[in-house]
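Just so we're on the same page: letters track the sequence lines, and every chain starts at 1.
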Amino acid sequence: MKAMVPIDYILAAGIFLVLFAYIINYTTSYYSTVKDVAEIMTLRSEALGLLSIADRGPEPENWTNAPERLGLQSYAYRFYILVNNSAGYRINASEGINNIEDELVRFNLSSLGYTIDLNSIAIYDEYKNPIGYQRNGDNITFAVSINASQSIFFVVYFDDDSNFTSSSAAVSGSNNITETIYPVERFSLLQYRKILKLNASTYATVKGNCDIENDFNIQIYDTDRNQTYVSYGGASSRAGNIVALSRYVVFQNASASINNGKLTVKVW
Amino acid sequence: MKGYIYTMEMLIAVSLIFISLVYINSYTPTKPEMELSLIKAQGFEAMEYVDGKGSLRTLVSNANETGVEEQLRAVISNNLNFETEICINDCTKTNVPDNETVVGIDYYISAHKSNYFGKKVRLWLWRKF
Amino acid sequence: MEKVLNINTFNEGTRFKGENRRFCSLKGQMFLVAAILVVIALVALKNLFGIYATTEEKRFGESSLLDKQMKNLKNEFRAVVGVAALQNDANVSGINHLYNFSNLIKSDAKLLYVFVFNNATSQRFAATIGNFLNDKINVTLNATDSGLGYNFVVDDEKNITKIFQSTINGTVNLTFIYEIRGENVTEAFRITTDKNLVFAFFDVQLEDSRALVRSKDIYNWSWV
C-alpha cells in the first residue's frame, strides 16, 4: 500500500515557519535598533558630560596624576579704563586740550581689592588690539595716543589663580589725563593653567580615574587664528558610532591673552 | 474536516505569538525628550559666549537686535532657527512661528560701563527641519 | 473497500495496524510548544528596555541650565552694584537699580539682597534690605562697633534702608538676621569704612519643576 502524504501538516508547518521567520526578522531588527539607539544615547550622555568641562573646574582642584572629574573653567576678571582727553580730565587744566602721542595710563592693582596674578594682565583697545604694558610691582603703565576731545575705552583682563610669566616691557610718555577706572566684572573662561595641566596628563590614567567608559577626544579650536589650539585624547574610530558635540568658548592662551574658540568633544 | 486540525493549531500558535508581541510593545518606553533641553542649553551657551567675548553688553545697551542676531548666527547651529528680542517685560513674538515647537530663554543684561538699563534678551529657538 | 478504509483511518493513530501507522505520530501540539517558547523569549527580551533609563540625563540637562541662569543673574547683580559706584549718588542709584532689576527677574527667581553704601566723607553708611522671597521677613540688623541696631519687617517686593555711623577703626561687622516662615537665617559681613564703598550680598534661588538651585554671593567695590 502506498504511504499517505500528510499534506495539511506540511502546509501548516510551512505557514508556521514562514510566520515564525517573519517574527524573528522583525524582532531582531527592532531590538538591534533599540540597542543602537541606546548606545548612541549613552555616548551622547558622556559627550554632554565632557562638554560641560567649560562650565566647571576639575575635581579636586589641585589634582596631580589625574582628576576625578574633568573641568577647565575658571573665573577671570576685566574692567574698563576710560581715557578722556577733554576739559575736566586734564591734570593740568591750564595746559589746554591738545593731541597727545604718548599719554601714560597708570593704575594700581592692589587698589582693586583682588588677589591678582600680576603677570596675567592683558590689555586691549576698543578694537581688541593688544596693548603692551610695563609693570613695576603692582603698578601697571601703558601708553596710548589720543586726540584732543577724544575719549577711548581700554579693557584690562586679569586672573587671580593663574601662573604666567612676565610680559612687561618698558613704556615711556607723559601723564596728562586722569583716567576713570570702572568696577571689576567677573566672567568665565577656559583657563590656560588647567588646559596645560590636562594636556600634560596621561590620557589612559585620566580616562580611568574619571570613570569615562568610552574613548574620547577634546579639541579647542582657536577661531581667531583658525588653528587647533589643543587636541587631547584618542583618535576617533573609523567605524561604529561617534557622537560629537561642540560649543563656542572664551579661553586663555600661554601669554594670558583672551581668545575666542570652539570646544569640540568626540566620544566613541 | 479532521485534516484542518493542524492548520488550526498552527493558527492558534501564531495568534499567541502575535498577541504577546502586541502586549509587550504596548509598554515600549519612549526616549525622554532631551532635544528641547539641549536646544535651550545651546541657546544659553551661545548667549554666554557672545557676552564672554565682550560684544553682547554693548549691543544690548544700544538696543541693537540685528547686531545680537548676527553674533548669534555665527555660533548657533545651522539646523536651528531663532529670533531675539531685547525687552524688559513685554516681549513680542514677531517672526516666531505658531506651528512649531519653540523654546525660549531669557538672558539678562543689567548694565554696561557706567549705564544701568536693566534688560533681557529673549531668545526663541526652533528646529529648521 | 480496503483502500477506503485506509484513507479514513489516516488520522486514527494506532487504532489500526498497517503501513499508515508511521504518519500517525505527528502532533499539532508542537506548534503550541514552539509558540510558548517564542513568547518566553520575547518576555525575557523585554528587559532590554531598561537601557532607556535616561531620565537622569534629562534632569542633569535641566539642572545644568539652572546653573547657567544662576551665573547670569549673579554676574548681573554685581554689574548693577558696580555701576552704582560710578554715579553721583551711589546710594540712591544702587537702591533704585537693585530694586528695578529685582523686579525684572522676580518671575524667574526668589531673591534677597543687602546693599551697603559707605560715605567716607560723612562717616556714615546706609544698609538697604531688598526682599523678593514671596513672603515678608522680620529683620534684625546690627552693626557692631557702631552701637546701633534695628528690628523691622520687610514686605515682599519692598526694600528698607537704615543708616549707621561708621567707626573710627575703619571696619564694621554688620550682622543681618532674618526670619521667614518660622526659620531664622543669620548672615555676617565685614564692611570697611575708611573709603567710599558699595557692598552687596545676594541670596538667589532658581527653581523649575525638577530642580532647585540656590546661591549666595558678595560683591564690593571701593574708591577714594
Side-chain angles (χ1 to χ4, degrees), chain A residues 1-10 12-13 15-17 19-21 23-24 26-28 30-49 51-52 54-56 73 75 77-80 82 108 111-114 180-188 247, chain C residues 2-3 6-7 9-11 18-28 30-32 34-35 37-39 41-42 45-46 48-54 56-58 60-61 64 67-68 71-72 74-76 78-86 192 195 197-198 217 219-224:
Chain A
M1 192 177 299
K2 245 186 170 176
M4 298 304 297
V5 178
I7 294 291
D8 51 351
Y9 182 82
I10 291 169
I15 295 171
F16 182 81
L17 282 172
L19 289 170
F20 184 74
I23 289 165
I24 295 296
Y26 166 81
T27 308
T28 307
Y30 177 79
Y31 283 112
S32 72
T33 305
V34 166
K35 180 176 169 293
D36 215 30
V37 167
E39 189 187 312
I40 291 173
M41 288 175 72
T42 307
L43 291 174
R44 185 177 71 178
S45 182
E46 208 150 68
L48 278 171
L51 198 66
S52 62
D55 295 321
R56 61 170 190 265
Q73 183 265 350
Y75 285 113
Y77 302 85
R78 65 180 166 218
F79 61 94
Y80 290 93
L82 173 64
N108 179 274
S111 66
L112 299 176
Y114 288 81
T180 306
I181 294 181
Y182 283 62
V184 172
E185 303 169 12
R186 188 179 67 178
F187 71 104
S188 184
R247 62 185 283 186
Chain C
E2 284 183 351
K3 278 186 186 174
N6 283 340
I7 289 168
T9 59
F10 178 72
N11 282 330
E19 294 161 3
N20 295 332
R21 198 177 292 182
R22 67 181 139 192
F23 297 109
C24 298
S25 62
L26 291 171
K27 300 279 183 193
M30 62 173 275
F31 296 125
L32 292 171
L37 289 173
V38 168
V39 167
L42 286 174
L45 279 174
K46 181 175 176 290
L48 275 180
F49 292 142
I51 52 182
Y52 266 138
T54 54
E56 286 303 316
E57 187 186 355
K58 189 167 187 320
F60 163 75
S64 291
D67 279 338
K68 291 177 196 297
K71 250 191 229 174
N72 175 218
K74 277 163 56 174
N75 282 343
E76 294 316 307
R78 294 161 76 97
V80 171
V81 175
V83 156
L86 297 166
T192 53
K195 290 182 193 173
L197 167 88
V198 287
D217 197 15
Y219 178 77
N220 66 72
W221 179 252
S222 61
W223 67 101
V224 176

Legend entry - Most chain A-contacting option - heavy-atom pairs closer than 4.5 Å, from Ala35(C), Gly82(C), Ala85(C), Ser222(C):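 Highest number of heavy-atom pairs under 4.5 Å: Gly82(C).
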Legend entry - Choice from Lys71(C), Lys195(C), Lys74(C), Met30(C) maximising heavy atom contacts with chain A below 4.5 Å: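 Max contact count across the listed options: Lys71(C).
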Inset, instruction - Applying salt bridge (charged side-chain N to carboxylate O under 4.0 Å, His left out), name anything that partners Arg247(A), two or more places apart in sequence or on another chain. - result: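 Partners of Arg247(A) under the salt bridge (charged side-chain N to carboxylate O under 4.0 Å, His left out) test: Asp55(A), Glu45(B), Glu48(B).
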Legend entry - salt bridge (charged side-chain N to carboxylate O under 4.0 Å, His left out) partners of Glu76(C), counting only residues at least two apart: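 By the salt bridge (charged side-chain N to carboxylate O under 4.0 Å, His left out) rule, Glu76(C) matches Arg57(B).
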Inset, instruction - Considering non-hydrogen atoms only, spot the tightest contact between Val184(A) and Tyr219(C) and give its length. - result: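 In terms of heavy atoms, the two residues are closest at O-OH, 2.9 Å.
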Legend entry - Minimum heavy-atom distance Pro183(A)-Leu86(C), with the two atoms named: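 Result for this residue pair: CD-CD1, 3.6 Å.
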Legend entry - Atom CZ of Phe20(A) with >12 non-hydrogen neighbours under 6.0 angstrom: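 Check fails, neighbour count at 12 or below.
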Inset, instruction - Compare all side-chain heavy atoms of Phe187(A) with those of Asn75(C) and state whether any distance is below 4.5 angstrom. - result: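 Counting from C-beta outward, Phe187(A) and Asn75(C) never come under 4.5 Å.
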Legend entry - Interface moiety of Val38(C) toward chain A, non-hydrogen atoms closer than 4.5 Å: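 Contact with chain A involves the side chain of Val38(C) alone.
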Inset, instruction - Select one option (side chain, backbone, both, neither) describing which atoms of Ile24(A) are under 4.5 Å from chain C's heavy atoms. - result: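 For Ile24(A), neither part sits under 4.5 Å from chain C.
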Inset, instruction - Let me know if Tyr182(A) has heavy atoms under 4.5 Å from chain C in its side chain, its backbone, both or neither. - result: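 Both parts, backbone and side chain.
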Legend entry - Distance in Å, Leu42(C) CG paired with Ile23(A) CD1, rounded so as to fall on 0.5 Å steps: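 With rounding to 0.5 Å, CG (Leu42(C)) is 8.0 Å from CD1 (Ile23(A)).
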Legend entry - Phe31(C) CZ to Leu19(A) CG distance, which is reported to the nearest 0.5 Å: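 Result: 11.0 Å between the selected atoms.
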